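What follows is a single structure, written as structure tokens, with notes after it.
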Amino acid sequence: MEEKIKIIKQSTVEVIEEEELKEVLSKEDPIAYTGYEPSGKIHLGHAITIMKLKQLQTLGFKIKILLADYHAFLNGKGSVEEISEIAEYNKQCFKGLGLDETTEYILGSQFQTQAEYTNNVYQLATLTTLKRARRSMDMVSREDENPKVASTIYPLMQTVDMAALECDIALGGLEQRKIQMLAREGLPKLGFKPPVCIHTPLLHGLDGADKMSSSKGNFIAVDDSEEEIKEKIRQSYCPKGEVEGNPLIEIAEHFVYPFEDKLIIERPEKFGGNLELSQEELIETYGQGNLHPMDLKNAITNYMIEFLRPVREYMNSQS
RNA sequence: CCCGCCUUAGCUCAAUUUGGCAGAGCGUUGGACUGUAGAUCCAAAUGUUGCUGGUUCAAGUCCGGCAGGCGGGACCA
């Protein structure tokens, strides 16, 4: 039990609340869920949550992935029809990332218009202030000079999703935090037990922006070609000696060290020759400016090409 | 339902009281400099001026209609 909790907490920002997690772990068939707005590209930011879901899967959780087509629609991403096509592509990406056959993929529009569901949304609407609903969307809402009423329905639906999917854990990136907290407050009022909320860190964009996001083009997609990976990393923001907010250091933390003890860096003799660095050594060496950004970039490029190989091969086999 | 205002490059905005070749900053792209990127310097690309009809030699600019947005009024006896 303690061991499981330790694994679950690994490389997350927070677990709310840990005591409740213990209860969940003692259940027979616990359910973990994450919702994704269908997106033109599935990138490394998404991959962080998918890897956590894979981990939960190995710990005995039933995984439900919500392909939140209605949410994307409410967020102004296109027509429901267009979005559901993208959802199908996203599903393939998720499978390519290694979620197993027991994973359940659920299209939001399949259940989000049912009478009971809708009634719960209306109930919640009477219990939630406009400002609170708007505020919860701070990090999620598409930028809009003229915000729509839809953006306030969104968090209400996300709350009711948790009840409808009967999840014990709601996993998401840190940008989901305010909605998740709204949900934990709202669900008891509707007579439901709120899930344990687990938040994973946000990856900085390759351009150094606060957040990797599909709308800004500052991401590596999980199905990018080897050439695209090389080119994107080559162009990435990577100040020498700076660890904080450095997307390449973050990629090493999240996509190399969970699987390898040492990061292997191939470096020309004239710059000091090859290196093998543990996570701590990488932070220290790079932070002192003793590892050139280009050597780091080359190393990360090799690892990412290998890490994403299964996804590329899976996607190719599907088309 | 009525009145007023707004709509120009990907973004923010210019374009002379009085119609005369549609511009800048940011961003993007390319080069220079760096053993990366960024910063800096140099260079380039980018437009159905919301749509539509009219006036005029000539319309972003004036007139009509429409759409979207913002604000107000009215309705609530």
Side-chain angles (χ1 to χ4, degrees), chain A residues 37 39-41 43-45 72-80 82 86 130-131 133-134 137-154 201-221 224-257 262-277 279 281-308:
Chain A
E37 276 187 38
S39 165
K41 280 294 175 185
H43 56 66
L44 296 184
F73 172 66
L74 291 174
N75 209 355
K77 302 288 175 64
S79 72
V80 177
E82 288 164 351
I86 300 172
L130 262 180
K131 282 189 178 177
R134 287 280 301 278
M137 292 292 286
D138 280 352
M139 301 292 131
V140 175
S141 195
R142 177 196 169 100
E143 279 187 33
D144 189 346
E145 193 187 347
N146 301 300
K148 306 300 186 290
V149 174
S151 70
T152 62
I153 299 174
Y154 186 119
L202 299 180
L203 232 37
H204 281 82
L206 294 179
D207 57 358
D210 284 344
K211 188 183 165 209
M212 187 172 281
S213 86
S214 31
S215 56
K216 286 185 184 159
N218 59 4
F219 57 84
I220 294 177
D224 270 346
S225 69
E226 295 191 18
E227 281 312 312
E228 284 170 313
I229 295 170
K230 276 183 198 170
E231 190 56 18
K232 285 180 179 180
I233 291 180
R234 191 187 70 73
Q235 293 186 357
S236 292
Y237 173 79
C238 188
K240 186 175 185 177
E242 205 168 306
V243 171
E244 279 303 309
N246 186 320
L248 290 153
I249 297 285
E250 289 178 353
I251 290 173
E253 287 173 340
H254 292 285
F255 297 97
V256 178
Y257 288 115
K262 302 272 191 181
L263 174 74
I264 297 169
I265 291 173
E266 295 174 21
R267 190 164 65 168
E269 282 303 327
K270 65 170 174 173
F271 295 128
N274 296 352
L275 283 176
E276 290 189 20
L277 300 174
Q279 184 162 348
E281 289 166 341
L282 172 69
I283 302 297
E284 194 186 337
T285 309
Y286 193 84
Q288 291 169 344
N290 293 329
L291 176 61
H292 193 277
M294 195 179 228
D295 296 320
L296 175 64
K297 284 186 173 181
N298 288 335
I300 298 296
T301 299
N302 292 334
Y303 277 93
M304 287 318 295
I305 285 174
E306 288 315 308
F307 178 80
L308 296 175

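Convention: sequence-line order gives letters A, B, ...; per-chain numbering from 1. In this text, all values refer to a predicted model and were calculated from it rather than measured experimentally. For the numbers below, each heavy atom of this structure counts, side chains included, while hydrogens, waters and symmetry mates do not.
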Return a table of donor-acceptor pairs under 3.5 angstrom between the side chains of residues 268-277 of chain A and protein atoms on other chains or two or more places apart.
| unit_1 | atom_1 | unit_2 | atom_2 | d |
| --- | --- | --- | --- | --- |
| Asn274(A) | OD1 | Arg267(A) | N | 2.9 |

Item to complete: Determine the Euclidean distance between corresponding C1' atoms of G35(B) and A43(B); express it in Å to zero decimal places.
Response: 25 Å
Worksheet item: Separation of Lys297(A) atom NZ from G38(B) atom C1', in whole Å?
Response: 9 Å
Item to complete: Output all residues satisfying side chain to side chain donor-acceptor pair (under 3.5 Å) with Ser39(A), sequence neighbours left out; order by chain, then residue number.
Response: Ser214(A)
Practice prompt. Return the value, rounded to whole Å, for the distance between atom CG of Leu206(A) and atom P of G38(B).
Written response: 12 Å
Fill in: Under the ring pair (Phe, Tyr, Trp, His ring centres under 6.0 Å) test, residues paired with Phe255(A) that sit two or more places apart
Phe307(A)
Worksheet item: Within this structure, what is the CD1-to-C1' distance between Ile249(A) and A37(B), rounded to whole angstrom?
Response: 13 Å
Item to complete: Rounded to whole angstrom, note down the P distance from C51(B) over to A9(B).
Response: 11 Å
Discussion item. Using the ring pair (Phe, Tyr, Trp, His ring centres under 6.0 Å) criterion, which residues pair with Phe219(A)? Sequence neighbours excluded.
Written reply: His43(A)
Discussion item. I'd like the C1' distance from U46(B) over to U40(B), given in whole Å.
Written reply: 24 Å
Response to the item:
Residue set satisfying side chain to side chain donor-acceptor pair (under 3.5 Å) with Ser151(A), at least two apart, ordered chain then number -> none
Worksheet entry | Residues in contact with RNA chain B, drawn from residues 238-248 of chain A - heavy-atom cutoff 4.0 Å | Cys238(A), Pro239(A), Lys240(A)
Worksheet, complete the sentence: Sorted by chain and residue number, the salt bridge (charged side-chain N to carboxylate O under 4.0 Å, His left out) partners of Asp210(A) (sequence neighbours excluded) come out as none
Discussion item. Any side-chain N or O of Asn146(A) below 4.0 angstrom from OP1/OP2 of C70(B)?
Written reply: yes
Discussion item. Applying salt bridge (charged side-chain N to carboxylate O under 4.0 Å, His left out), can you list everything that pairs with Lys148(A), at least two apart in sequence or on another chain?
Written reply: Asp144(A)
Discussion item. Within the 3.5 Å criterion, strictly below it, is a donor on Glu281(A) or Tyr286(A) matched to an acceptor on the partner's side chain?
Written reply: no
Fill in: Rounded distance (nearest 0.5 Å) linking atom OH of Tyr154(A) with atom CZ of Arg134(A)
15.0 Å
Item to complete: Toss me the dot-bracket line for RNA chain B: Watson-Crick and G-U wobble, both under 3.5 Å, 5' to 3', using | for pairs to another strand and [ ] for crossers.
Response: (((((((..((((......[..)))).(((((.......))))).....(((((..]....))))))))))))....
Worksheet item: What string of B, S and - do you get for nucleotides 27-35 of chain B, 5' to 3', if B is base contact, S is sugar-phosphate-only contact and - is no contact with any protein heavy atom under 4.0 Å?
Response: --------B
Discussion item. Rounding to an integer number of angstrom, what distance separates C63(B) and G20(B) when you compare their P atoms?
Written reply: 15 Å
Discussion item. If I take atom CD1 in residue Ile300(A) and atom C1' in nucleotide U36(B), what distance separates them, rounded to the nearest angstrom?
Written reply: 13 Å
Practice prompt. Return each pair, listed once, that meets salt bridge (Lys or Arg N to Asp or Glu O under 4.0 Å) where at least one residue sits in residues 229-242 of chain A; pairs must be two or more places apart or across chains.
Written response: Asp224(A)-Lys232(A), Glu227(A)-Lys230(A), Glu231(A)-Arg234(A)
Fill in: Rounded C1' spacing from U49(B) to U61(B) in Å
10 Å
Discussion item. Taking U52(B) as the reference, what is the distance to A59(B) when you measure between their C1' atoms (whole Å, please)?
Written reply: 15 Å
Discussion item. Roughly how many Å apart are U34(B) and C21(B), using the P atom of each and rounding to a whole number?
Written reply: 45 Å
Item to complete: If a pair satisfies side-chain hydrogen bond (donor to acceptor under 3.5 Å, both in side chains) and one of its residues is in residues 289-304 of chain A, list it, with sequence neighbours excluded.
Response: Gln288(A)-Asn290(A)
Item to complete: Look at Glu82(A) together with Lys77(A) and state whether they make a salt bridge at an N to O cut-off of under 4.0 Å.
Response: no
Practice prompt. Determine the interatomic distance between P on A32(B) and the same-named atom on G38(B); round to the nearest Å.
Written response: 13 Å
Worksheet item: What is the distance from NZ of Lys232(A) to C1' of A37(B), rounded to the nearest Å?
Response: 16 Å
